[in-house]
Novice: 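Have a look at the structure that comes next, please.
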Amino acid sequence: MISVKRRVPARLAAAAMASGLVAAGAMAAAGPAVADEVPQNQGGGATATLGGLTTSGKAVVHDKGDTWGVDAGLFRMKVKEGGDIQSYCIDIRNPTQAGAQYKETDWEQSSLHNNPDAGKILWILEHSYPHVNDLTKLAKTAGVSSLTEDQAAAGTQVAIWRYSDHVKVDAKNENAEKLADYLTKNAEKVEEPKASLTLTPNAVSGKSGQKLGPITVHTNAKSVTVAPAGDAATKGVKVVDKTGKSITSAVNGSELFFDVPAGTADGATSLTASATTQVPIGRAFTGIGKYAKSQTQILAGSTASNVSAPATANWAKKGAIPAVTAKKDCVKGGVNVTATNQGDEAFTFTLEGKKVTVQPGKSETTFVKVAEDQAYKFTINGPNGFSKTFSGVLDCQTAGSGSTGGGTHTPAPSTAPSSHPSPASAGGSTGSGSTSGSSSTGGGDLAETGSSSATPVIASVAVGLVVVGGGAVFLLRKKKAGAAGQ
């Protein structure tokens with residue numbers, strides 16, 4: 001068996017040699033620039049910074065003859081605009097990064113996309129700690145004499161791993177293990193929770209003198225504040241409802257429009273919808289930007305948190321008038337790029353060397369294949385300086401899983417397992433962790449959930465890949481392999 005220390009650099013090198021994804025249309029003549037770079041998971045919802053593993057106990061993983069220790073428990077994340085959320089890991093072998101930035105997303109854009117047991121994970125979250133914070137009641141339900149917070153968190157995380165990673169894992173504390181067994185045995189499939197806030201579509205286009213839209217609001221908040229960009233007023237553009245009335249707030253199901261006066265110079269603007277709400281339990285959180293490879297999380301609890309969602313509009317008097325969006329497709333393994341043309345001439349662009357033409361009044365979706373863990377960045381250019389760049393890393397599988405879902409994983413470390421594995425954070429010191437449900441210290445240190453004695457190798461690897469082609473720049477993120485995060 002190849003050890004973690006040998007396997008990780010080899011897989012990183014292989015990824016570096018893989019062909020990059022580049023797409024760029026011909027540059028347009030000078031005009032009102034409509035440039036926008038959109039990272040993966042560009043939809044709405046909560047954005048948060050990962051903190052430490054705050055409540056945890058010890059667990060042991062058994063996989064294909066290998067055995068190693070992990071810390072199992074509950075993370076805390078700080079929501080960017082205000083609020084706190086708690087989360088569990090759903091990718092046991094992948095490390096986190098200190099201070100990693102995360103974005104709320106749908107299951108279909110995470111490692112849960114092809115997991116037949118995703119709904120059972122949600123059931124566990126709804127029937128255990130911290131959602132059920134009466135530990136006396138939870139202990140009685142699980143058939144144990146008592147539960148501490150650390151034991152409850154450890155047992156819950158162990159049960160989640162059994163379904164998220166399909167790995168044999170046991171809590172070291174007897175009561176935590178009995179809780180995990182109860183949750184595993186009784187879990188039922190539950191429907192995926194809705195997003196805290198999204199706008200669909202998040203990009204529209206049309207001729208000046210029209211209302212551009214509709215953009216539909218999807219939220220669990222009672223009310224949403226709608227704010228146009230600062231340049232909208234100077235261009236005479238307003239955000240209105242379907243009757244043409246200017247609005248500054250909306251509710252779930254509301255339809256928004258950009259009202260662009262006739263004769264307005266060709267251009268673009270945007271709006272932001274925002275709200276304060278509790279993010280639904282069971283929402284997935286994936287790393288964004290340079291943290292795209294950080295361990296995937298699933299929401300276990302939320303205070304009232306500030307969430308937001310953007311939308312853009314592009315208009316012109318004549319010619320092709322494009323709107324372009326992109327979305328990860330974890331089922332197919334790539335990115336779907338959708339271009340809509342509300343102009344009176346065809347819109348033609350180039351995507352990964354392929355010419356795509358969208359006729360007036362039509363929409364075309366083009367699928368672009370991207371390898372798992374591969375960085376991508378491509379740009380769509382159009383008339384009047386229109387330019388939109390999409391970037392990210394395709395992260396659709398748990399570390400060690402095959403390309404098809406569900407539960408076959410390569411063993412983690414072949415080195416001797418450690419009951420006190422090193423942290424996988426890119427910075428910070430080692431959390432001590434307890435052997436039978438004692439808390440790890442929080443603060444700036446990240447505890448070692450799912451990590452192994454080989455983790456420092458993973459943490460030290462930082463590979464930058466620059467591929468010249470169509471002006472695109474690729475950044476290869478840390479490859480998840482062998483170790484899990486904290």
Side-chain angles (χ1 to χ4, degrees), residues 32 34-39 41-47 80-81 103-106 194-277 279-280 283 305-317 321-327 338-343 361-363 365 386 388 390:
V34 188
D36 188 18
E37 179 158 349
V38 185
N41 300 336
Q42 69 269 23
T47 301
K80 182 178 180 180
E81 302 299 332
K103 183 72 175 177
E104 176 188 348
T105 192
D106 299 328
K194 303 296 184 182
S196 60
L197 175 62
T198 58
L199 301 176
T200 56
N202 58 19
V204 294
S205 64
K207 292 183 177 182
S208 52
Q210 299 178 343
K211 294 198 303 288
L212 313 185
I215 298 168
T216 304
V217 177
H218 307 276
T219 185
N220 68 342
K222 292 182 179 179
S223 180
V224 173
T225 299
V226 180
D231 64 351
T234 61
K235 297 175 180 179
V237 178
K238 299 181 294 183
V239 178
V240 301
D241 62 16
K242 59 184 178 182
T243 68
K245 179 182 177 181
S246 294
I247 57 173
T248 56
S249 64
V251 297
N252 184 48
S254 293
E255 292 185 338
L256 313 178
F257 299 80
F258 290 91
D259 188 358
V260 183
T264 302
D266 298 354
T269 192
S270 63
L271 65 79
T272 300
S274 58
T276 301
T277 187
V279 182
R283 291 291 289 170
S305 299
N306 293 332
V307 297
S308 62
T312 61
N314 175 40
W315 66 86
K317 300 182 183 67
I321 313 175
V324 184
T325 61
K327 186 175 183 179
T338 300
T340 300
N341 178 17
Q342 296 297 337
K362 301 295 183 180
S363 179
T365 297
F386 178 91
K388 201 154 194 177
F390 300 94

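Only this structure's heavy atoms are used, side chains among them; waters, hydrogens and symmetry mates stay out.
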Novice: List in chain and number order the residues that pass side chain to side chain contact (heavy atoms under 4.5 Å, CB included) with P228, two or more places apart in sequence or in another chain; answer none if no residue qualifies.
Specialist: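 By the side chain to side chain contact (heavy atoms under 4.5 Å, CB included) rule, P228 matches A232, V239.
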Novice: Using the test side chain to side chain contact (heavy atoms under 4.5 Å, CB included), find all partners of P201 that sit at least two apart in sequence or belong to another chain.
Specialist: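 By the side chain to side chain contact (heavy atoms under 4.5 Å, CB included) rule, P201 matches V204.
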Novice: Restricting to non-hydrogen atoms, name the atom on A311 and the atom on F258 that form the minimum distance, rounded to 0.1 Å.
Specialist: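 Taking every non-hydrogen atom into account, O-CZ, 4.0 Å.
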Novice: With sequence neighbours left out, write down each residue that passes side chain to side chain contact (heavy atoms under 4.5 Å, CB included) with K235, or none if nothing qualifies.
Specialist: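 In terms of side chain to side chain contact (heavy atoms under 4.5 Å, CB included), with neighbours along the sequence ignored, K235 is linked to D231, V237, W315.
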Novice: Apply the test side chain to side chain donor-acceptor pair (under 3.5 Å) to residues E81 and S308: give CA-CA distance (whole Å), side-chain angles for both, the deciding distance (0.1 Å), then the verdict.
Specialist: CA-CA 9 Å; E81 302 299 332; S308 62; over 6 Å; no
Novice: Is any side-chain heavy atom of E104 closer than 4.5 Å to a side-chain heavy atom of S196?
Specialist: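 Yes, their side chains come closer than 4.5 Å.
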Novice: In chain order, what residues pass the salt bridge (Lys or Arg N to Asp or Glu O under 4.0 Å) check against K194, with sequence neighbours excluded?
Specialist: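 K194 satisfies salt bridge (Lys or Arg N to Asp or Glu O under 4.0 Å) with no other residue.
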Novice: A275 and V224: which non-hydrogen atoms are nearest, and at how many Å?
Specialist: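 That would be CB-CG2, 4.1 Å.
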Novice: Got a donor-acceptor contact below 3.5 angstrom from the S205 side chain to the I321 backbone?
Specialist: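 Yes.
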Novice: Could you report the tightest heavy-atom contact between N341 and G343, atom names first, then the distance?
Specialist: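 N341 and G343 have their closest heavy atoms at OD1-N, 2.9 Å.
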Novice: Does any pair with a residue in residues 206-217 pass side chain to side chain donor-acceptor pair (under 3.5 Å), and if so which ones, sequence neighbours excluded?
Specialist: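 For residues 206-217, and leaving out neighbouring residues, the side chain to side chain donor-acceptor pair (under 3.5 Å) pairs sorted by first residue read K207-D344.
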Novice: What are the two closest heavy atoms between T198 and G44, and how far apart are they?
Specialist: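 Looking at all heavy atoms of both residues, the closest pair is CG2-N, 4.2 Å.
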Novice: Taking side chain to side chain contact (heavy atoms under 4.5 Å, CB included) as the test, write out the residues that go with A203, two or more places apart.
Specialist: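 Partners of A203 under the side chain to side chain contact (heavy atoms under 4.5 Å, CB included) test: T312, A323, T325, K388.
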Novice: Show the nearest heavy-atom pair for residues P310 and N202, with the distance to one decimal.
Specialist: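 Smallest heavy-atom distance, with atoms named: O-CB, 3.5 Å.
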Novice: Is there a donor-acceptor pair under 3.5 Å between the side chain of Q342 and the backbone N or O of G206?
Specialist: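 Pair absent, no side-chain N/O of Q342 close to backbone of G206.
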Novice: State whether the side chain of N314 and the backbone N or O of P322 hold a donor-acceptor pair below 3.5 Å, judged by distance alone.
Specialist: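 Yes, because the side chain of N314 sits within donor-acceptor range (under 3.5 Å) of the backbone of P322.
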Novice: Got a second to check how far K362's NZ is from T340's OG1, nearest 0.5 Å?
Specialist: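 With rounding to 0.5 Å, NZ (K362) is 11.5 Å from OG1 (T340).
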Novice: Answer yes when K242 and E255 have at least one side-chain N-carboxylate O distance shorter than 4.0 Å, and no when they do not.
Specialist: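 Answer for the salt bridge query: no.
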Novice: Given side chain to side chain contact (heavy atoms under 4.5 Å, CB included), test V226 with V217 step by step and report yes or no.
Specialist: CA-CA 10 Å; V226 180; V217 177; 5.7 Å; no
Novice: Can you tell me how far the CG atom of N252 sits from the CG atom of L197, to the nearest 0.5 Å?
Specialist: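 With rounding to 0.5 Å, CG (N252) is 9.5 Å from CG (L197).
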Novice: Output the distance between atom CD1 (I247) and atom CG (D241), rounded to the nearest 0.5 Å.
Specialist: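 The CG atom of D241 is 5.5 Å from CD1 of I247, to the nearest 0.5 Å.
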Novice: Determine whether a donor-acceptor pair (N or O, by modelled atom type, separation under 3.5 Å) exists between the side chain of T225 and the backbone of S249.
Specialist: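 Flag not set: sc T225 to bb S249 has no pair under 3.5 Å.
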Novice: What heavy-atom pair brings K317 and T264 nearest, and what distance separates the two atoms?
Specialist: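 It is NZ-O, 3.4 Å.
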